[in-house]
Chemist: 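Starting off with a structure, shown below.
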Amino acid sequence: MGAAENKQQQLNKKKKKQNQTQKEQQKQQMQMQMKMRCLSCEDSVIEEHQAILEELQNCPKPLDPKAQSRLQPMASFGPLRRPAWKTARRWLGDGVRGPRFTDVEGHLQKAKEFFTKPALSYPEYKQQCESLRLFAFGGVCGGCVLSLFLFPPKSSYWATWSPWQWAQYVGSCFKAAPALFATEKIETVSYQSILYPQRKVSATVPPASTVQSSPSKPVAPPKPRVLFVLGGPGAGKGTQCTNICTRFPHWSHISAGDCLRAERNDPQSKDGELINSYLKEGKIVPVEITVRLLEKAMQKDMAQGKTDFLIDGFPRNLDNVTGWEQVIGDRADVLGVLFFEATETEMEKRLLGRSATSGRVDDNLESIRKRFRTYEKETMPIVEKYKKQRMVFTVDGMQSVDEVWSHTLTKLREVEAVAVYGP
Ligand SMILES: Nc1ncnc2c1ncn2[C@@H]1O[C@H](COP(=O)(O)OP(=O)(O)OP(=O)(O)O)[C@@H](O)[C@H]1O
Ligand SMILES: Nc1ccn([C@H]2C[C@H](O)[C@@H](COP(=O)(O)O)O2)c(=O)n1
């Protein structure tokens with residue numbers, strides 16, 4: 001073999017090596033481009049690219065210009081890019097492939113990793129956040145819908161326009177509208193039957209003196225409506241009840257404590273002494289006595305046209321609750337409990353202030369503290385019981401009298417709405 005031949009051989013070897021490097025570089029470049037594109041591609045496109053790669057690998061020579069031009073459009077971003085709305089994974093712009101949108105399990109895994117596996121890179125962290133966000137969003141929306149369903153807002157607007165009423169609207173399109181004017185002569189009508197047509201009319205007729213009936217057609221009056229008023233001693237119950245009755249004359253304020261004090265002061269009463277001993281000790285008087293006095297006071301006020309009753313300071317314990325159910329039962333509609341909340345320090349300050357003028361035997365520090373204990377032990381469980389039945393309308397009693405009044409008004413409207421539309 002001559003020197004020339006040797007040189008030729010070396011040249012060939014070098015050329016072959018050059019070809020191989022060039023081919024390797026081309027392959028790497030293509031791989032890179034395809035990797036980037038695959039982030040937003042469907043599996044079928046990825047498979048297509050895989051096939052091209054294999055073709056490249058098996059190709060003995062570096063790509064000729066023809067093959068290059070065939071592969072060029074594949075490698076370019078433009079034509080194969082998917083529209084944004086079709087992109088299942090979000091383009092993170094950082095080379096991370098997150099689970100598909102529909103891959104709930106994949107997202108759940110990533111969301112779990114947010115709490116369990118520290119992310120090694122920003123893109124990984126971003127993906128964890130994005131997966132977690134899907135569940136957070138779903139959870140919040142679902143929670144809101146469920147809570148609206150379980151605890152619908154107590155507003156007349158909601159009661160009228162909520163989605164639960166839609167079926168009724170559709171139905172009402174096919175029914176004849178009620179007559180605009182009365183179709184028969186009405187002898188006796190209460191304003192309540194106009195305002196609250198949904199209210200049931202009492203089966204048990206209250207005392208005859210309250211019934212204004214025509215000789216031909218007696219009309220049963222509606223049941224008296226009762227709102228129990230509770231709160232600690234000095235929370236401001238009496239003050240706000242007076243405000244309600246001044247503004248709304250159909251409401252009557254009956255204070256259980258006042259009834260008991262009046263009975264104690266009545267020299268004819270056989271229970272006077274017993275009541276006095278209970279009041280001094282801040283204890284709760286047996287319900288037989290209290291509920292009898294309450295009923296008497298209600299009957300008296302109904303005779304004067306009152307229809308709604310604020311029963312202040314009642315029911316104070318379980319005995320009071322059962323006594324009311326046994327004696328009054330469904331002869332009255334209990335609308336709920338108006339509950340005034342205040343701290344002991346504030347209530348004590350108010351009661352000591354009141355003691356200067358009230359003349360009450362229990363407005364002294366010793367009795368006040370005993371009343372607080374009785375309230376905590378016996379009355380609070382009753383409030384909790386009504387809370388469970390979602391019958392409590394709580395007023396923040398810590399503000400000034402005027403502010404508490406404005407809050408009381410809001411709550412009173414809620415009571416009315418619930419009475420009309422239900423809880
Ligand atoms: N928001 C208020 N801010 C300051 N003082 C108040 C407020 N509300 C009431 N008071 C005063 O506190 C005292 C107690 O009020 P009130 O008699 O209304 O309480 P109560 O809850 O009915 O008490 P009790 O259960 O002992 O009958 C009264 O002197 C009243 O003027
Ligand atoms: N249901 C009731 C209401 C009141 N009393 C007694 C015990 C109280 O200390 C006292 C004063 O009541 P207040 O005016 O503070 O509401 O009256 C009761 O035994 N049972």
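Note that ligands are numbered from 1 as they come in the structure, with each ligand's atoms numbered from 1 the same way. Numbering starts at 1 and runs along the sequence shown. Note that the coordinates shown come from a computational prediction; the quantities given were computed from them, not determined experimentally. Because only heavy atoms are used, hydrogens play no part in the values below, and waters and symmetry mates are left out as well, while side chains stay in.
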Chemist: Which residue supplies the protein heavy atom nearest to atom 16 (P) of ligand 1, what is that atom called, and how far is it?
Modeler: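 Of the protein heavy atoms, T239 OG1, 3.6 Å lies nearest.
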
Chemist: Please confirm whether K283 comes under 4.0 Å of ligand 2, counting heavy atoms of the residue only.
Modeler: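 Checking ligand 2 against K283, which is what was asked, there is a heavy-atom contact under 4.0 Å.
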
Chemist: Based purely on interatomic distance, does R360 place a nitrogen or oxygen under 3.5 Å from a nitrogen or oxygen of ligand 2?
Modeler: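 It does: an N or O of R360 is found under 3.5 Å from an N or O of ligand 2.
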
Chemist: Would you mind telling me if ligand 1 is within reach of the side chain of R371, the backbone, both or neither, using heavy atoms under 4.0 Å?
Modeler: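 Only the side chain of R371 comes within reach of ligand 1.
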
Chemist: State the atoms of ligand 1, each with its element, that fall below the 4.0 Å cut-off from a heavy-atom position in G232.
Modeler: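 What qualifies from ligand 1 is 21 (O).
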
Chemist: At a non-hydrogen distance cut-off of under 4.0 Å, which region of R360 contacts ligand 1 (side chain, backbone, both, or neither)?
Modeler: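 Answer for R360: side chain.
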
Chemist: Using a 4.0 Å cutoff against the non-hydrogen atoms of V404, which atoms of ligand 1 qualify?
Modeler: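 Ligand 1 atoms under the 4.0 Å threshold to V404: 1 (N).
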
Chemist: Of the protein's non-hydrogen atoms, which lies at the shortest distance from atom 25 (O) of ligand 1, and what is that distance?
Modeler: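 Residue, atom and distance for the closest contact: K237 NZ, 2.7 Å.
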
Chemist: Can you list the ligand 2 atoms lying under 4.0 Å from a non-hydrogen atom of R261?
Modeler: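 That gives atoms 11 (C), 14 (O) of ligand 2.
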
Chemist: Please confirm whether G313 comes within less than 3.5 Å of ligand 2 when only nitrogen or oxygen atoms on both sides are compared.
Modeler: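 Yes, since at least one N or O of G313 sits under 3.5 Å from an N or O of ligand 2.
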
Chemist: For atom 13 (P) of ligand 2, grab the closest protein heavy atom and report residue, atom and distance to one decimal in Å.
Modeler: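 So the nearest neighbour among protein heavy atoms is R316 NH2, 3.5 Å.
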
Chemist: Could you tell me, atom by atom, which parts of ligand 2 come under 4.0 Å of a heavy atom of L279?
Modeler: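 Once the distances to L279 are compared, the set is 6 (C), 7 (C), 10 (C), 17 (O).
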
Chemist: Nearest protein heavy atom to atom 28 (C) of ligand 1, by residue and atom, and its distance?
Modeler: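 So the nearest neighbour among protein heavy atoms is R354 CD, 4.0 Å.
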
Chemist: Determine, considering heavy atoms only, which of G313, G234, A235 sits nearest to atom 23 (O) of ligand 1.
Modeler: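 That would be G234.
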
Chemist: Which is it for S400 and ligand 1 at heavy atoms under 4.0 Å: side chain, backbone, both or neither?
Modeler: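 Answer for S400: backbone.
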
Chemist: Is G236 in polar range of ligand 1, meaning some N or O pair under 3.5 Å apart?
Modeler: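 Yes; at least one N/O pair falls below 3.5 Å.
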
Chemist: Under 4.0 Å from any heavy atom of G238, which atoms of ligand 1 are there?
Modeler: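 Matching atoms, with element in brackets: 18 (O), 20 (P), 22 (O).
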
Chemist: Please report which non-hydrogen protein atom sits nearest to atom 12 (O) of ligand 1, along with the residue it belongs to and the distance in Å to one decimal place.
Modeler: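 Protein heavy atom at minimum distance: R350 CB, 3.3 Å.
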
Chemist: For atom 1 (N) of ligand 1, what's the nearest protein heavy-atom neighbour? Residue, atom name and distance, please.
Modeler: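 Result for atom 1 (N) of ligand 1: Q399 O, 2.9 Å.
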
